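For clarity, every value in this text was computed on a predicted model and none was experimentally measured.
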Amino acid sequence: MKTMNVKTILLAVSLGGMLIACNDNSNQGQQASVSEYPVATVKKQSAVHQSVYPATVKGQEDIEIRPRIDGFIKEIYVDEGAVVRKGQPLFKIDSPASEQNLRTARASVESAKAQLNTAQVNVDRIRPLAERGIISNVQLATAQDSYATAQASLSQAQASLANAEATLSWTNVTSPVDGVVGEIPYRLGSLVSSSNVLTSVANTGHVYAYFSMNEKILKDFLDRSPGSNQKEKINNMPEVTLQMADGTEYAYKGKIETITGSVNVTTGTANLRARFPNPNGELRSGTSGKIFIPYVMEDVFVIPQKATFSQQDKILVYQVEQDSVSQKIITAVSTADGKNYIVTSGLTDGEKIVTDGVATLRNGTRIQPVEAQ
């Protein structure tokens with residue numbers, strides 16, 4: 001019996017040691033499962049938020065060039081993309097009808113001059129006879145009326161000649177402004193009229209960027225701008241930035257100049273126009289881009305976007321509470337670079353949040369917080 005009791009005691013001690021060892025291993029496993037996560041303490045600050053709007057760029061003067069008379073294109077003096085000066089010839093239109101009208105007008109002037117000379121001769125011939133009573137004064141008056149009629153006919157013929165000369169001058173199509181020539185859809189020999197656009201000339205010394213805001217955003221934008229009326233508010237608006245189609249930022253800042261007085265009933269938007277200098281001709285009429293409008297926001301938090309995650313239409317972060325985390329809904333807008341969020345509500349000053357690796361966390365997960373650099 002004594003031998004069995006000893007064996008029983010030894011077995012119990014062995015089993016107890018195994019249980020203690022298992023408990024120790026379990027605790028070690030739990031401790032090993034607690035991973036390190038970078039955390040940061042959020043603090044209120046001011047931040048610059050930039051609203052982004054698609055924009056279309058047009059020249060300061062973007063003019064369609066149309067012929068003022070019908071005819072065939074006889075000469076093309078420029079090529080697409082050429083830089084031209086105001087008054088520089090662009091096209092020559094062959095208009096036989098205009099040339100014929102000019103010849104007719106010139107002949108009419110010569111005929112009217114001859115008639116005027118004849119009327120003058122008659123007046124000079126009749127006047128001394130009438131003065132001496134040889135013929136009646138009625139004949140003199142009639143001769144003078146004929147002279148006045150001849151003068152009027154000459155004036156009319158000269159006006160027709162000036163009109164024919166002006167019409168013929170329209171065969172030379174010139175540039176109305178300094179600028180850059182656009183597409184030339186018609187070539188030599190093409191029959192054109194005033195309904196055809198021969199090309200366009202864009203004055204791009206300055207360019208306009210056109211973009212739209214919906215009425216709610218526009219109201220908020222105007223409310224944030226200092227001033228007692230729209231003109232003052234526009235003058236006090238911040239400079240805007242243009243991002244070109246390739247993603248690069250245009251070197252010069254722009255200024256908003258106009259806001260349309262009405263909202264489009266179909267789209268619910270109002271159009272705005274910003275003016276940009278273009279001394280190097282880098283911006284071309286018809287190109288597209290994005291307008292960035294800065295807005296300073298006070299008493300907000302700036303956190304990296306990788307510290308957040310989404311559920312349906314909500315943005316959440318993991319708040320650190322001692323050695324575990326809990327989900328928290330925030331209200332935020334993205335910064336222009338797309339790397340950070342500006343948080344306007346949902347966080348309080350001094351809170352700690354997880355800044356990376358949130359995809360591996362769940363509500364209540366235990367972590368080992370490590371202060372992020």
### Task
Please step through side chain to side chain contact (heavy atoms under 4.5 Å, CB included) for the pair Asn117 and Gln120, ending with a clear verdict.
CA-CA 5 Å; Asn117 290 335; Gln120 182 68 56; 5.5 Å; no
### Query
Step by step, would you call Ile293 with Phe221 a side chain to side chain contact (heavy atoms under 4.5 Å, CB included)?
CA-CA 10 Å; Ile293 303 178; Phe221 182 50; 3.7 Å; yes
### Task
Could you please spell out the steps behind the side chain to side chain contact (heavy atoms under 4.5 Å, CB included) verdict for Val240 and Lys253?
CA-CA 6 Å; Val240 298; Lys253 299 293 184 181; over 6 Å; no
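Side chains of Lys58 and Ser285: a donor-acceptor N/O pair is absent below 3.5 angstrom, by distance only. Residues Ser334 and Gln305 bring a donor and an acceptor atom of their side chains to less than 3.5 Å of each other. No donor-acceptor contact under 3.5 angstrom links the side chains of Ser326 and Asn363, judged on distance only.
The two atoms that bring Glu298 and Ser46 nearest to each other are OE1-CB, 3.2 Å, heavy atoms only. Taking all atoms of both residues into account, the shortest heavy-atom contact from Asp70 to Ser95 is O-OG, 3.4 Å. Closest non-hydrogen pair, Glu99 versus Asp94, comes out as OE2-OD1, 4.2 Å. Here the closest heavy-atom approach between residue Ala307 and residue Val317 is recorded as O-CG1, 3.8 Å. Of all heavy-atom pairs between Phe211 and Pro54, the closest is CB-O, 3.2 Å. Nearest heavy atoms, Arg85 versus Ser175: O-CB, 3.6 Å.
Between the Lys352 side chain and the Val320 main chain, no donor and acceptor come within less than 3.5 Å of each other. In this structure a side-chain-to-backbone donor-acceptor pair under 3.5 Å is present from Lys255 to Asn235. A side-chain donor-acceptor contact under 3.5 Å links Asn101 to the backbone of Ala97. Using modelled atom types, no side-chain atom of Asn137 and backbone atom of Leu140 make a donor-acceptor pair closer than 3.5 Å. Without hydrogens or angle criteria, Ser111 side chain to Ser108 main chain gives no donor-acceptor distance under 3.5 Å. In terms of modelled atom types and a separation under 3.5 Å, the side chain of Thr260 and the main chain of Asn271 share a donor-acceptor contact. Between the Asn236 side chain and the Pro226 main chain, a donor and an acceptor come within less than 3.5 Å of each other. Listed for the Asn278 side chain is a donor-acceptor partner under 3.5 Å among the backbone atoms of Leu283. Asn122 places no side-chain N or O within donor-acceptor distance of the main-chain N or O of Ala119, the cut-off being under 3.5 Å.
A single hydrophobic cluster is not seen to contain both Val197 and Ile63; linkage of ILVMFWY side chains at heavy-atom distances under 4.5 Å, directly or through other members, places them apart. When the side chains of ILVMFWY residues are joined at heavy-atom separations under 4.5 Å, either directly or via intervening members, Met297 and Phe301 end up in two distinct hydrophobic clusters.
For Arg284, the CZ atom counts as loosely surrounded, since its 6.0 Å shell holds 12 or fewer non-hydrogen atoms of other residues, nucleotides or ligands. Under a cut-off of 6.0 angstrom, the local environment of CZ in Arg103 is crowded, with over 12 non-hydrogen atoms contributed by other residues, nucleotides or ligands. Summarising the local packing, NZ of Lys92 is surrounded by more than 12 heavy atoms from other residues, nucleotides or ligands at distances under 6.0 Å. Other residues, nucleotides and ligands contribute more than 12 heavy atoms inside 6.0 Å of the CD atom of Gln45.
Aromatic ring pairs are classed by plane angle as parallel below 30°, tilted from 30° to 60° and perpendicular above 60°; the pair Phe309 and Tyr318 is parallel. Using the six-membered ring where Trp is involved, Tyr208 and Tyr210 have ring planes that are perpendicular, over 60° apart on the 30 and 60° scheme.
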For residues 71-81, run the donor-acceptor check on the side chains, cut-off 3.5 Å, and write out each pair with its distance to 0.1 Å, sequence neighbours left out.
{"from": "Glu80", "atom 1": "OE2", "to": "Ile184", "atom 2": "N", "distance (Å)": "2.8"}

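Residues Leu102, Val109, Leu116, Val123, Tyr147, Leu154, Leu161 make up the rest of the hydrophobic cluster containing Leu168, defined by ILVMFWY side-chain heavy atoms closer than 4.5 Å, directly or through other members.
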